[in-house]
2 protein chains.
Amino acid sequence: MLTISQLAAYAGVTVRAVRHYHQIGLLPEPERDRSGYRRYGAHAVVSLVKIATLADAGVPLAEIADLVRADEATFAAAVGRIDRRLRDEIAKLERSRTSIARLAAGDALLLPPEVVAYLKRLRELGVSGPVIEGERDGWILMAARWPERVRDWMPGKLASLEDPRIVRLYRVLSQLFDTSELDEPLMAEAADLMAALAEEAWQAGQRSIDPAEEDTVPFDLLELLALETDPRAIRMVELMRERGWDGWTRLEKVPPSPGVMR
Amino acid sequence: MLTISQLAAYAGVTVRAVRHYHQIGLLPEPERDRSGYRRYGAHAVVSLVKIATLADAGVPLAEIADLVRADEATFAAAVGRIDRRLRDEIAKLERSRTSIARLAAGDALLLPPEVVAYLKRLRELGVSGPVIEGERDGWILMAARWPERVRDWMPGKLASLEDPRIVRLYRVLSQLFDTSELDEPLMAEAADLMAALAEEAWQAGQRSIDPAEEDTVPFDLLELLALETDPRAIRMVELMRERGWDGWTRLEKVPPSPGVMR
DNA sequence: CTTGACCCTGACGTAGCGTCAGCCCTTCAC
DNA sequence: GTGAAGGGCTGACGCTACGTCAGGGTCAAG
């Protein structure tokens, strides 16, 4: 007769595992000796070896009980189920691994490579940290909802960086948001630049996305993000409104007003 | 501002997951509106998208907090750790899958194919169910401790089935244990056969395994298994002892005695 | 005013054990 | 005889990442 630790050692499992199998009724409780210790015979060893082998093969404990005494059909079905489950788990982990691999290459997991390239270009153009972080977070919002569309947009965005006025705008914004001061003349310059660019896009027929059938939530979040990030963004919205534009990141033409927003 | 379900939907997670992230401090609790509802801004969306993306990539939640604001080296190390962990998990599941595949082919998971072939041969020779089950359980015990050695033994075991006396022995045992009667003359025949075979093996120099340096536990369990399985095995041991052999599955020469065992 | 869709907190459940805590039993050396 | 070591016992909490009630409040629409 064996003690619990001898039994466990024979089957290559821990004592705790054996007690667990007792607890869930997978392995019957054996007789106790006069001091209350469990004493195991050869049948218990055979049972435990079977259990341990199946468990090691990835069979859920709940199914092992049925499995060890099932007929052909039940057995085959169970094996099929288990195999499918394992296959799915493996596939999921494989996907995780490729994601992790992309992680090793920087922002690439959260943003499509095109966006990463765009942000890199901004950095090269001397755009400051805070502005780039705002851009990145904004693109994360967009990419979360429209991963494919964002990729389509990027060539245009990248090309627009050839326009010296746009580069100038980014640099002005950099200067604005890199300190904690409120530089009113500089903000006016930024607003003028943005208004001019918006007007040009408007003339060229580039309206904002049709609000009728579009999901505006990402754009709303974009506005919100800017307002949350820096109180000066509120002032910028005001300045734009004075110039006849509503919004900050997605501009709409409105009658110019000198009023306060909200 | 978003409600919790809008936030969750945007990031593609469940409401419960968001609350869980709050609970473990992964995502900061937002302001509440006057009815106690959580209200989220754009920054929360960005944070949650990051968290969800990393979690989906298989990063443990406990590491995500560090990961989203780690320096280069820490980040690379963490990514390396995570990738290794994923690789190991995949490898384990792959092994499980091959095991499961073997399961689909019968006993093959618990016993080496050679033993399965041996048992199949016994069945062909007309050995009855109970005896085969006893054999199988016995081999499970042996294979659990000595998987390799068992495979080496099998060619000899298989060859021994060419000996008509051994086949006869198996058939007598089948007849004996297939009913619940105690057939004394048949038991005597079985004992005579076993004794003769043991004597022959002994003459041929095939001693039992050297008990000095051997692990006898598997053999002890084998004896125990027989005694547990059927009380008539006790009688068989007595009969063998009268013929000068000790044990039942691993025989040792002893002075013949008509006494009772133990 | 009701109805259905949300929101809240709190708490238990999941799988398979690991790991105490607190106590008993046996054995061995001193 | 007496510690100390090395089992064994039960009971209970911990871990992962949430799912799923239960019991109750809130909001918007018909």
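Because the structure is predicted, anything quoted here is derived from the model rather than measured. In what follows, chains carry the letters A, B, and so on, assigned in the order in which the sequence lines appear, proteins first and then strands, with residues in each chain numbered from 1.
The side chain of B/Tyr37 lies closest to C/dC7 when the candidates are D/dA17, D/dT10, C/dC7. Of the listed nucleotides (D/dC18, C/dC25, D/dT26), D/dC18 has the atom at the smallest distance from the side chain of B/Thr14. The B/Arg38 side chain lies nearest to C/dC8 when the options are D/dC9, C/dC8, D/dG25. Nearest to the side chain of A/Val15, among D/dT10, C/dC7, D/dG8, sits D/dG8. For A/Tyr21, the listed nucleotide lying nearest its side chain is C/dC17; candidates were C/dC8, D/dG8, C/dC17. The nucleotide whose nearest atom lies closest to any side-chain atom of A/Ala17 is, among D/dC18, C/dC17, D/dG8, C/dC17. Side chain of B/Ser5, nearest nucleotide from C/dG16, D/dT10, C/dC6: C/dC6.
Between the CD1 atom of A/Ile51 and the C1' atom of C/dG16 there is a distance of 13 Å, rounded to whole Å. Between B/Tyr40 atom OH and C/dC6 atom C1' there is a gap of 13 Å when expressed in whole angstrom units. Between the CD atom of B/Glu29 and the P atom of C/dT9 there is a distance of 7 Å, given to the nearest Å. A straight line from CZ of B/Arg39 to P of D/dT26 spans 14 Å, rounded to a whole angstrom.
If you run side-chain contact (heavy atoms from CB on, under 4.5 Å) between B/Asp137 and each of B/Ile132, B/Leu225, B/Thr229, B/Leu110, only B/Leu225 comes through.
Aromatic ring orientation, B/Phe219 versus B/Trp146: tilted (interplanar angle from 30° to 60°).
Taking a cutoff of 4.0 Å between a charged side-chain nitrogen and a carboxylate oxygen, B/Arg241 and B/Glu238 do not qualify as a salt bridge. With respect to the salt-bridge test (charged N to carboxylate O, under 4.0 angstrom), the residues A/Glu89 and A/Lys92 do not qualify.
For the pair B/Val18 and A/Ser35, both in contact range of DNA chain D, the more 5′-proximal nearest nucleotide belongs to A/Ser35. Mapping B/Thr3 and A/Gln23 onto DNA chain C by nearest heavy atom places B/Thr3 closer to the 5' end of the strand.
OP1 and OP2 of D/dG25 both lie 4.0 Å or more from every side-chain N or O belonging to B/Arg34. For A/Arg19 and C/dC17, the shortest distance from a side-chain N or O to OP1 or OP2 is not below 4.0 Å.
Side-chain atoms of A/Arg16 come within donor-acceptor range of the base of C/dT19, with a qualifying N/O pair under 3.5 Å.
The closest donor-acceptor contact from the side chain of A/Glu63 to the backbone of A/Pro60 lies at 3.5 Å or more, if one exists at all.
At the heavy-atom level, B/Arg32 lies under 4.0 Å from the strands shown only through sugar-phosphate atoms. Within 4.0 Å (heavy atoms only), B/Ile4 reaches sugar-phosphate atoms of the nucleic acid but no base atom.
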